[in-house]
J.: 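Structure provided below as structure tokens; questions to follow.
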Amino acid sequence: MADFSEQFDLHGQWRHNMDTRLKELGDWLREHELLDDGADERLHQLCEQLRSDKVMVAFVAEFSRGKSELINAVFFASYGRRIMPASAGRTTMCPTELGWDASVPPCLRLLPVHTRLQPQSLLEWRMTPEKWERIDLDVNNAEQMANAMEKVSEVLHVPQDEARALGFWHDDRPQDNPPVGENGLVEVPRWRHALINVAHPLLKRGLVVLDTPGLNAIGAEPELTVGLIPQAQAMVFVLGADTGVTKSDLAIWHEHLAALTGSSSARFVVLNKIDTLWDELSTPAQIEEQIRRQCAETARTLELEDDQVLAISAQKGLLAKVRGDKKLLAESRLPHFEDVMGHTVLGARQQMLEDAVRSVTGGLQAQAARTLEMRRREMSEQLLELRGLRGKNQAVIRRMKERVEQEKTGFDRSAASVLAVRSVHMRLLRNVFKLLSTTTIKQELADLTGALRAQGLKLGIKKSYAQGFERLRGVVAKVQSLESEIHNMLEASFRQLNTEYGFSLQTVARPDVSRLLQDLNAVENSHLQYLGVGNMVRLAQPEFCEKLARALLARVRSIFEAALGEIELWNKASTTQVDVQLRERRQAYNRRIDAIARISGAAGGLDLRIGEIEAQEASLADIAQQLDASVGALLSPAAGEPQTATPIAA
């Protein structure tokens, strides 16, 4: 049973090997002039996706559930000590992201909590690194790193009014408020957000870990709950076996996680601290039965299947890894959690990447095969033409050269009609770009964002959300209609060009708009948690609603921009094949004219030229076989296994 670190490392090696093999395929296609601009861009984007693909795992829990200890056990046990603060009374107080950016030195960056009083979103604050406090990290010094990480536990003590303005004090939910000290001050986190940039092997491979602290901190930052958490590939909800599902645990689940049922993220519920149930006065069977009952009760409370709750001891798992104690590690049940998470998260991620590789390489293979077939057909026609010249005099050869030149001139004139089709195509495409623009998003959501920013209670806000997202779905329907119009126009144009010139143009599959709708539905669902009666007071706060509106616009903008990128790629893939086949036909005419000129100028030139073309025909057949073999090997189950990639034959 491989732990998550080993599985993620294998996943990273698979991505690296697949990237190498795809680049080799691209170089080979380029060498044989079988890669047009559109196909080249698709291949480049796929390689970039393989190199930079991120897998985010979000850990969500109330305070003191052992969440940071679980992160230590899964990701940092190799340091031989705790890296994230997890001792009693010292816990992660602010949302913390762990990742790796090679352009930034290893460091801890901290955003002061008082930036919440300003209108900028977290995304905007990321663009101003000078506003963050930075602490450089020595990745070879575990003690220095652990000491630096203690900063995420720091707190401030502020008056109630200030805590209320920062989003940590709620008059309508006094039970969720932090305790008030003897001096009347309230404890709040010192930092709003933390970014940890460390060259950890897993982080370098593309893992991003999001540590989110407590109900109060989560609810005060809408960008977390409507942006970061829903985009995570896995969400780990940590509970304490000693406490079961508390009221605040249940609030986090219902307000921030249960609503994400329809998302593509994998959700894990972890019942941590089972070592508190290891009672020396109980038999192993009795302890096992108690753990089973706790899991079943947790599953029933959260309305899950029993096998969706995993019982572990993160503290004993970390201790076992540090000591190399296999027996204690097995008793901690940490390996089972890592195995399940690895297979579920990485398996789904790798399947998604494999599907992308299969789609792109299949398109490259089909397009290259069509180009090779066109070249073979042109050569066959040229051979028939040249063989017909045997025994003919110079006058006949000269007339044939003139005829071919006239055909080329006529082809060049008629091919100009393609430009007219392209003009209509670009006009329709500009309409699509306009529909998916930031201006359109703001127009369609103007009523909703206006309702959010209005003063007072937002009694009709749920209706405003429904109307706003219905308008966005209307935009998607218009995009889908324009896509169909463009596709049908290209299909008719390609059919005409194929008939007139013997081309082999094929329309490219349209981008899947249904995925765009799914993403919008997920965003809408992530906002619904804030629209209940229990959040009316919070929705009356202008600062909170401004953050909610900004988070909404940013998320929708990112979805539309992704769709726009896919449509641009579809457009290029559709149109560049026309350029390729026009170029191939012109080159074929030039080769025919050149061959006839060489024949008329040298004795024995005809047989020599026929021999050259026959050799080229045989070479095309070899290239076609190499293409099929190369793509077949790349798509084989063992293609991305950790090994030295086999070069494609020249």
Side-chain angles (χ1 to χ4, degrees), residues 4-5 8-9 12 51-59 67-87 89-118 120-156 166 188-214 217 221 223-224 227-228 232 318 321-322:
F4 185 79
S5 297
F8 199 91
D9 192 52
R51 282 192 296 270
S52 61
D53 186 58
K54 300 290 186 184
V55 174
M56 178 182 282
V57 180
F59 288 80
K67 171 174 45 63
S68 295
E69 190 79 319
L70 180 55
I71 292 173
N72 284 321
V74 175
F75 303 112
F76 296 115
S78 60
Y79 280 96
R81 59 162 297 161
R82 293 183 175 97
I83 296 298
M84 299 299 294
S87 56
R90 303 293 288 171
T91 186
T92 308
M93 292 294 292
C94 67
T96 303
E97 284 181 66
L98 297 91
W100 172 242
D101 179 353
S103 65
V104 179
C107 63
L108 166 64
R109 285 174 289 174
L110 299 152
L111 183 66
V113 73
H114 284 92
T115 57
R116 281 187 172 175
L117 302 177
Q118 300 177 45
Q120 289 89 341
S121 65
L122 267 177
L123 184 62
E124 291 170 301
W125 284 113
R126 287 174 190 264
M127 301 298 108
T128 54
E130 67 276 6
K131 300 296 184 181
W132 299 62
E133 180 173 318
R134 177 175 137 180
I135 301 169
D136 291 331
L137 299 174
D138 181 355
V139 294
N140 298 314
N141 187 333
E143 185 174 0
Q144 187 268 345
M145 284 185 59
N147 289 337
M149 298 305 180
E150 292 286 351
K151 297 283 288 184
V152 302
S153 302
E154 292 181 341
V155 297
L156 297 173
L166 290 169
V188 300
R190 181 177 180 183
W191 309 107
R192 177 181 182 181
H193 205 80
L195 298 173
I196 301 174
N197 193 56
V198 187
H200 184 282
L202 295 183
L203 304 182
K204 289 176 72 174
R205 292 282 194 188
L207 179 70
V208 177
V209 179
L210 177 63
D211 185 0
T212 59
E221 198 68 78
E223 280 185 83
L224 274 179
L228 277 176
L318 174 62
K321 284 187 176 184
V322 170

J.: For Arg82, is there an ion pair with Glu69 - N to carboxylate O distance below 4.0 angstrom?
T.: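 The answer is yes: the pair qualifies as a salt bridge.
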J.: If every non-hydrogen atom of Pro85 is compared with every non-hydrogen atom of Glu150, which pair is closest and at what distance?
T.: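 Between these two residues, the closest heavy atoms are CB-OE1, 3.8 Å.
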J.: Is the side chain of Thr212 donor-acceptor paired with the backbone N or O of Phe59 at a distance under 3.5 Å, no angle test?
T.: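 Checking the backbone N and O of Phe59 against the side chain of Thr212, a donor-acceptor pair under 3.5 Å is found.
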J.: Any side-chain heavy atom of Ile196 sitting closer than 4.5 Å to one from Glu97?
T.: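 A side-chain contact is absent here, since even the closest heavy-atom pair is not under 4.5 Å.
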J.: Which residue, Leu166, Leu122, Leu111, forms the side chain to side chain contact (heavy atoms under 4.5 Å, CB included) with Arg116?
T.: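 Of all the options given, the one that passes is Leu166.
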J.: Under the criterion side chain to side chain contact (heavy atoms under 4.5 Å, CB included), I'd like the reasoning laid out for Met84 against Lys67: C-alpha separation, chi angles, the key distance, then a yes or no.
T.: CA-CA 10 Å; Met84 299 299 294; Lys67 171 174 45 63; over 6 Å; no
J.: Would you mind reporting whether His193 and Leu110 have side-chain heavy atoms less than 4.5 Å apart?
T.: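 SC-SC contact between Leu110 and His193 ruled out.
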J.: Arg192 versus Trp125: any side-chain heavy-atom pair under 4.5 Å?
T.: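 In contact.
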J.: Between Lys321 and Ala73 (side chain of the first, backbone of the second, donor and acceptor by atom type, cut-off under 3.5 Å), is there such a pair?
T.: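 Checked: pair present.
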J.: Taking the side chain as every heavy atom from C-beta outward, state whether Val139 and Val198 have any atom pair closer than 4.5 Å.
T.: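 Counting from C-beta outward, Val139 and Val198 do come under 4.5 Å.
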J.: For Phe76, which of Leu202, Leu98, Val209 qualifies under side chain to side chain contact (heavy atoms under 4.5 Å, CB included)?
T.: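 When side chain to side chain contact (heavy atoms under 4.5 Å, CB included) is applied between Phe76 and each of Leu202, Leu98, Val209, only Leu98 qualifies.
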J.: Let me confirm one number: the CE-CG distance from Met145 to Leu108, rounded to the nearest 0.5 Å.
T.: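 Taking CE in Met145 and CG in Leu108, the distance rounds to 9.5 Å.
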J.: Are Thr96 and Leu210 side-chain neighbours, meaning at least one heavy-atom pair lies under 4.5 Å?
T.: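 The answer is no, as the side chains (C-beta and beyond) never meet within the 4.5 Å cut-off.
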J.: Just verifying a value: how many Å separate Lys54 NZ and Arg205 CZ, rounded to the nearest 0.5 Å?
T.: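 Answer rounded to 0.5 Å: 12.5 Å.
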J.: Do Trp191 and Glu133 come within less than 4.5 Å of each other through their side chains, counting heavy atoms only?
T.: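 Yes. Closest side-chain heavy atoms under 4.5 Å.
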J.: Please answer whether the main-chain N or O of Phe75 pairs with a side-chain N or O of Ser5 as donor and acceptor at a distance below 3.5 Å.
T.: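 Checking the backbone N and O of Phe75 against the side chain of Ser5, no donor-acceptor pair under 3.5 Å is found.
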J.: Tell me the closest heavy-atom pair linking Pro213 and Pro95, and the distance in Å.
T.: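 Looking at all heavy atoms of both residues, the closest pair is CD-N, 3.5 Å.
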J.: Can you name the closest pair of heavy atoms from Ala146 and Arg81 and give their distance?
T.: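 What the structure gives for the nearest pair is CB-NH2, 3.3 Å.
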J.: Going from SG on Cys94 to CD on Glu154, what distance comes out if it is rounded to the nearest 0.5 angstrom?
T.: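 Atom-to-atom, Cys94:SG and Glu154:CD are 9.5 Å apart.
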J.: Strictly by modelled atom types, are Glu124 and Ser121 linked by a side-chain donor-acceptor pair under 3.5 Å?
T.: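 Glu124 vs Ser121: donor-acceptor pair found between side chains.
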J.: Which atom pair, heavy atoms only, marks the closest approach of Ala148 to Ile135?
T.: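 Closest heavy-atom pair between Ala148 and Ile135: CB-CG2, 4.2 Å.
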J.: I need the full list of side chain to side chain donor-acceptor pair (under 3.5 Å) pairs touching residues 136-148, with sequence neighbours left out, sorted by first then second residue.
T.: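 Those involving residues 136-148 are Arg134-Asp136.
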J.: One pair to check against side chain to side chain contact (heavy atoms under 4.5 Å, CB included): Leu207 and Val57. What are the steps and the verdict?
T.: CA-CA 8 Å; Leu207 179 70; Val57 180; 4.0 Å; yes
J.: Identify the two heavy atoms, one from Val152 and one from Ala194, that lie closest to each other, and give their separation to 0.1 Å.
T.: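 Of all heavy-atom pairs spanning Val152 and Ala194, the closest is CG1-CB, 3.9 Å.
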J.: Asp211 and Ser68: which non-hydrogen atoms are nearest, and at how many Å?
T.: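 Between these two residues, the closest heavy atoms are OD2-OG, 3.4 Å.
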